[in-house]
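In this text the structure is predicted, and so the values were computed from the model without any measurement. To find a chain, count down the sequence lines: A is the first, B the second, and so on, and within it residues start at 1. Only this structure's heavy atoms are used, side chains among them; waters, hydrogens and symmetry mates stay out.
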Amino acid sequence: MIQLTTFPIDSDALVRQAQVPASGAVLLFLGVTRQHTSGRETAELRYDAYHEMAEKELAALEEKARQKWHLNECLIVHRLGKVPLGEASVAIVVASPHRHAAFAAGEWLIDTLKMSVPIWKEEHWADGSSDWIHPEHDVKHSQATSTNK
Amino acid sequence: MIQLTTFPIDSDALVRQAQVPASGAVLLFLGVTRQHTSGRETAELRYDAYHEMAEKELAALEEKARQKWHLNECLIVHRLGKVPLGEASVAIVVASPHRHAAFAAGEWLIDTLKMSVPIWKEEHWADGSSDWIHPEHDVKHSQATSTNK
Amino acid sequence: MRVKVKMFAAARDATGASEVVVELPELARVRDLRIALESEYPQLAPLLSRAMFAINTHYADEDTPVPLAGEIACIPPVSGG
Amino acid sequence: MRVKVKMFAAARDATGASEVVVELPELARVRDLRIALESEYPQLAPLLSRAMFAINTHYADEDTPVPLAGEIACIPPVSGG
């Protein structure tokens with residue numbers, strides 16, 4: 001299941017959904033709005049997305065992770081709009097019979113999401129200024145890698 | 001914080017405790033009683049511990065993980081006694097400024113816990129029989145490694 | 001031909017629009033779109049050099065033909081998560 | 001000297017007690033404790049060959065002296081988590 005939402009993420013409900021007797025291991029990852037980044041203070045984050053494409057990319061990540069690690073459950077929720085300090089911008093829950101698959105899939109999902117899903121973060125700093133964050137990485141997909149160096 | 005308990009683990013509360021503005025990443029791992037193991041069906045698990053020593057070993061794991069990965073939070077709770085199907089026998093929550101530390105610390109904690117903390121699992125099978133589980137690994141600690149091959 | 005290009009994040013701020021229209025030759029490819037955008041919106045240049053394009057919600061490469069009808073989007077480096 | 005040894009899990013089931021008492025020579029080490037337990041409780045042998053011992057809640061090695069007073073425990077391979 002993938003979801004984009006402007007509401008707070010209910011990670012308890014996601015864990016409950018994944019915690020079933022078929023799964024020996026349940027992993028939850030939360031990306032949380034951090035107060036301090038490289039010495040600067042954040043007031044809040046705002047997330048924008050290319051909505052239809054982000055949903056398709058997230059669904060593709062879910063599908064790929066389920067196949068690669070034989071997951072029993074794979075839930076990815078990304079929040080959009082304002083995300084106050086201490087609240088989650090992203091939640092990933094994976095469940096699998098054994099724990100190593102859960103750790104590997106969870107880390108791959110967040111790493112890949114950050115590389116390929118068209119969602120953007122705007123830092124609103126405590127001093128009143130703001131910046132769109134556009135990290136120095138190529139968007140990760142096969143065609144880009146070969147043609148857009 | 002480490003805890004041994006005979007009550008169901010409240011993983012929601014643990015996540016809430018770790019999800020603070022200093023931490024950009026929060027990771028929860030749950031080990032859950034699985035219904036099927038190598039084709040056999042489990043009715044429930046029961047966990048026994050050498051209580052005082054298990055608490056000391058868990059506290060040592062927490063301390064080591066906090067130092068190694070500079071964690072903002074590290075919570076380890078292990079349930080003892082009966083653990084029904086689908087319920088968690090162990091919960092580990094780690095929080096850190098960046099996500100890679102959270103994944104690395106979480107996986108190290110559960111791997112090491114399973115090697116070194118004096119807690120034992122008794123499988124109660126659906127057919128009415130039961131077995132103490134004593135895996136084929138050496139107890140992991142430095143003296144043992146050098147002298148008890 | 002005239003095509004609409006969706007703009008997001010800093011690209012939207014730089015152009016002041018969530019969608020811009022550019023004039024392209026027939027049979028244009030993504031590389032031509034990039035050049036046309038840069039000449040129309042010089043302020044986009046620093047971001048364009050690092051942006052990708054998507055056509056009908058799939059990442060395109062430089063040789064992908066720009067369709068006459070279809071959803072075209074400029075994708076600055078992403079920062080979700 | 002007579003020492004008490006805590007038993008857990010399958011070791012407790014095999015001996016029928018959560019604590020057993022064994023007679024050891026003075027200055028005995030963990031290796032001597034292992035041998036004494038095996039001779040007193042032959043049914044423990046398969047588990048003992050894979051078990052560790054703890055003295056005062058710390059893992060001991062084979063050369064660790066067995067104290068006259070102190071908490072001694074037989075630790076079969078652990079299976080928490």
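- When each of C:Ala54, C:Ala73, C:Ala10 is scored by its heavy-atom pairs under 4.5 Å with chain A, the top score falls to C:Ala10.
- Considering all non-hydrogen atoms of both residues, C:Gly81 and A:Ser89 come closest at O-OG, 3.2 Å.
- Separation of atoms CD1 (A:Ile119) and CD1 (C:Ile75) is listed at 11.0 Å; rounding is to 0.5 Å.
- With chain C as partner, the option from A:Lys121, A:Glu55, A:Glu122 having the largest number of non-hydrogen pairs under 4.5 angstrom is A:Lys121.
- At least one side-chain heavy atom of C:Arg50 sits less than 4.5 Å from a side-chain heavy atom of A:Glu136.
- A donor-acceptor pair is defined here as one N or O able to donate and one able to accept, closer than 3.5 Å; such a pair exists between the side chain of A:Trp120 and the backbone of C:Pro76.
- To the nearest 0.5 Å, atoms OG (C:Ser79) and CG (A:Asp48) are separated by 9.5 Å.
- Of the listed residues (A:Arg46, A:Lys56, A:Arg79), the one with the most heavy-atom contacts under 4.5 Å to chain C is A:Lys56.
- Taking all atoms of both residues into account, the shortest heavy-atom contact from A:Leu113 to C:Gly80 is CD2-C, 4.0 Å.
- Annotation: side chain of A:His134 is not in contact with side chain of C:Val78 (no heavy-atom distance under 4.5 Å).
- Residue C:Arg12 touches chain A through its side chain alone, counting heavy-atom pairs closer than 4.5 Å.
- With hydrogens and angles ignored, the 3.5 Å screen pairs no side-chain donor or acceptor of C:Thr57 with any backbone N or O of A:Glu52.
- Residue A:Ala49 touches chain C through its backbone alone, counting heavy-atom pairs closer than 4.5 Å.
- Under a 3.5 Å cut-off, the side chain of A:Tyr50 and the backbone N or O of C:Lys6 do not form any donor-acceptor pair.
- Considering only heavy atoms from C-beta on, A:Met53 stays 4.5 Å or farther from C:Asn56 through its side chain.
- Contact of A:Ile110 with chain C is made through the side chain alone, with heavy-atom distances under 4.5 Å.
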